[in-house]
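Report on the structure given below.
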Amino acid sequence: MDSSSSRNSCFSVGSTSPGAVVLLYSKERKKWDEFEDILEERRHVSDLKFAMKCYTPLLYKGIIPCKPNDIKCSVLNSEEVYYVIKQLSKESLQSVDVLREEACQILDEMSHKLRLGAIRFFAFALSKIFKQIYSKVCVNEEGIQKLQRAIQEHPVILLPSHRSYIDFLMLSFLLYNYDLPVPVIAAGMDFLGMKMIGELLRMSGAFFMRRTFGGNRLYWAVFSEYVKTMLRNGYAPVEFFLEGTRSRSAKTLTPKFGLLNIVMEPYFKREVFDTYLVPISISYDKILEETLYVYELLGVPKPKESTTGLLKARRILSENFGSIHVYFGDPVSLRSLAAGRMSRSPYNLVPRCKAIVLITDVESVNIWK
């Protein structure tokens with residue numbers, strides 16, 4: 001009797017109406033259907049209206065973000081930077097004031113000047129450009145919802161894959177679209193040399209770093225303290241590319257751990273309760289720099305980033321690069337990840353002002369090469 005009912009059951013499923021079959025198929029595809037094409041709405045709404053919308057991003061624990069100048073003051077007055085300055089003063093016989101002035105210059109060179117006006121300008125320009133060159137920009141809504149919750153609970157680190165210069169522009173565009181805080185982004189010093197563009201990037205959240213630190217302890221101290229200060233205050237999500245550079249082969253590159261060590265340190269030194277690491281996958285039908293990568297793989301030197309080169313590249317606006325799929329992975333709790341695997345004790349056995357010196361010699365040669 002059981003086998004008979006089983007056969008009847010199988011028969012009833014097989015004989016379902018076409019509508020029911022479609023329903024069953026849609027359930028199988030549910031995860032894929034969670035992707036939303038954000039350009040669909042953009043095509044029916046004014047770009048200016050989108051750029052000038054009421055932008056009220058969710059805040060970390062409801063704290064009002066401090067101003068960029070306040071971050072700089074906090075870094076200059078930190079114990080770690082002061083300790084390194086004193087040590088270098090003894091070793092080089094330079095006065096503390098001279099070294100402090102050098103630290104100020106380093107901060108002026110690297111720090112961002114996040115402004116809402118620049119964010120709105122990029123929102124307007126990128127909305128027009130993305131609609132022109134892409135058919136779809138699909139985002140998983142579930143990942144966005146999880147990111148919304150994570151940003152309000154603990155400091156967040158965004159770790160996107162890196163295939164194109166579009167990556168960081170797209171992420172900022174998406175977060176603005178969903179009323180999330182625009183991230184502060186670790187950018188190479190190459191962009192700073194681009195007239196006007198470099199400053200626009202700085203005002204939209206980019207902070208600039210040298211490709212190598214060359215054993216410069218003062219630069220390391222200022223840079224690491226700058227990143228950790230933004231993280232501790234929950235100023236905004238911190239974004240950087242774990243691969244360090246764009247992959248020319250579309251394959252994931254060996255990660256660089258220098259910046260990852262910096263953003264993990266506040267948790268291990270008990271300065272924050274937890275930190276969320278958010279992996280993000282950005283997949284392209286066709287990469288914008290595809291032709292350029294071909295030449296580079298053939299041995300042609302990479303052209304230097306410049307405003308002139310950017311203007312010459314405007315011909316791409318007449319091309320179509322297909323679709324982009326952006327997948328926000330589940331936020332990974334550093335606290336849960338480290339539980340039972342890593343001990344925070346070594347960080348507590350050394351005075352905080354000295355911890356940075358202990359890791360400088362090891363990590364300065366590994367960062368972002």
Side-chain angles (χ1 to χ4, degrees), residues 57-82 84 103-104 106-116 118-119 147 150-160 168 171-172 175-176 180-189 191-192 201-210 213 218-242 257-278 280 331 334 352-353 355-356 359 363 367-368:
L58 298 169
L59 301 174
Y60 167 61
K61 294 184 177 179
I63 299 174
I64 298 176
C66 55
K67 296 178 180 179
N69 285 335
D70 294 335
I71 295 176
K72 291 168 68 175
C73 290
S74 179
V75 171
L76 286 173
N77 294 324
S78 67
E79 289 183 4
E80 293 184 354
V81 172
Y82 180 69
V84 171
C104 285
I106 292 172
L107 268 175
D108 289 338
E109 177 189 69
M110 75 170 60
S111 60
H112 70 78
K113 298 177 183 177
L114 191 60
R115 293 180 185 174
L116 184 57
I119 294 171
L147 179 60
I151 284 175
Q152 297 176 81
E153 295 172 0
H154 301 292
V156 169
I157 309 298
L158 303 178
L159 300 172
F168 64 89
L171 275 185
S172 294
L175 295 190
Y176 179 81
L180 294 172
V182 173
V184 288
I185 309 161
M189 201 63 74
F191 291 105
L192 196 56
L201 290 173
R202 190 193 292 274
M203 289 189 289
S204 63
F207 62 95
F208 300 94
M209 58 180 294
R210 299 172 187 173
F213 294 176
L218 182 59
Y219 190 92
W220 172 268
V222 172
F223 178 79
S224 59
E225 184 62 25
Y226 182 73
V227 174
K228 289 185 289 185
T229 299
M230 290 190 292
L231 194 68
R232 285 193 295 261
N233 295 340
Y235 179 82
V238 177
E239 175 190 332
F240 63 90
F241 300 103
L242 201 56
F257 295 113
L259 258 175
L260 191 61
N261 283 337
I262 291 174
V263 298
M264 289 169 64
E265 191 175 320
Y267 165 73
F268 286 109
K269 291 170 69 174
R270 303 178 190 272
E271 295 171 344
V272 296
F273 182 78
D274 198 359
T275 300
Y276 282 132
L277 307 175
V278 182
I280 304 169
L334 182 56
R352 290 189 177 183
C353 62
I356 190 168
I359 65 172
E363 295 303 331
I367 189 166
W368 287 74

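None of the values given here were measured: they were computed from a predicted structure.
A pairwise comparison of heavy atoms in Ser204 and Val182 identifies O-CG1, 3.8 Å as the closest pair. The two residues Val75 and Val222 have their closest heavy-atom pair at CG1-O, 4.0 Å. Annotation for Ala221 and Val81: closest pair O-CG2, 3.9 Å, computed over non-hydrogen atoms.
With rounding to the nearest 0.5 Å, the separation of CD in Glu271 from NZ in Lys228 is 6.5 Å. In this structure, CE in Met209 is found 13.0 Å from OH in Tyr226, a value given to the nearest 0.5 Å. Distance check, rounded to the nearest 0.5 Å: CG of Leu242 to CD1 of Ile280 gives 12.0 Å. Remark: Glu79 CD to Glu225 CD distance equals 9.5 Å, nearest 0.5 Å. Note: Ile71 CD1 to His112 NE2 = 4.5 Å, rounded to the nearest 0.5 Å. Interatomic distance, CG of Leu259 versus CE of Met264, reported as 12.5 Å (0.5 Å rounding).
The local environment of CZ in Phe191 is crowded, with over 12 non-hydrogen atoms from other residues, nucleotides or ligands closer than 6.0 Å.
Inter-residue side-chain proximity for Phe240 and Val263 is flagged as met; some heavy-atom pair is nearer than 4.5 Å. Ile262 is listed as a side-chain neighbour of Trp220, based on a closest heavy-atom distance under 4.5 Å. Counting heavy atoms from C-beta on, the side chains of Phe208 and Glu109 never come closer than 4.5 Å. Residues Arg232 and Val272 form a side-chain contact, since some pair of their non-hydrogen atoms from C-beta on lies under 4.5 Å apart. Counting only heavy atoms from C-beta outward, the side chains of Pro181 and Ile151 approach each other to under 4.5 Å. Ser78 is not listed as a side-chain neighbour of Thr229, based on a closest heavy-atom distance of 4.5 Å or more. Taking the side chain as every heavy atom from C-beta outward, Leu147 and Leu175 approach each other to under 4.5 Å. Taking the side chain as every heavy atom from C-beta outward, Val238 and Pro155 never approach each other to under 4.5 Å.
Relative orientation of the Phe223 and Phe207 rings is tilted, given thresholds of 30° and 60° on the angle between their planes.
Put simply, the side chain of Tyr219 gets close to the backbone of Arg210: a donor and an acceptor are under 3.5 Å apart. The closest donor-acceptor contact from the side chain of Ser74 to the backbone of Asp70 lies at 3.5 Å or more, if one exists at all. For Asp274 (side chain) and Leu334 (main-chain N/O), a donor-acceptor pair under 3.5 Å exists by modelled atom type. With hydrogens and angles ignored, the 3.5 Å screen pairs no side-chain donor or acceptor of Arg115 with any backbone N or O of Arg202.
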Any chance you could lay out the side chain to side chain contact (heavy atoms under 4.5 Å, CB included) test for Leu260 and Ile157, step after step, and finish with the verdict? CA-CA 9 Å; Leu260 191 61; Ile157 309 298; 5.6 Å; no

Walk me through whether Leu201 and Leu192 qualify under side chain to side chain contact (heavy atoms under 4.5 Å, CB included). CA-CA 8 Å; Leu201 290 173; Leu192 196 56; over 6 Å; no

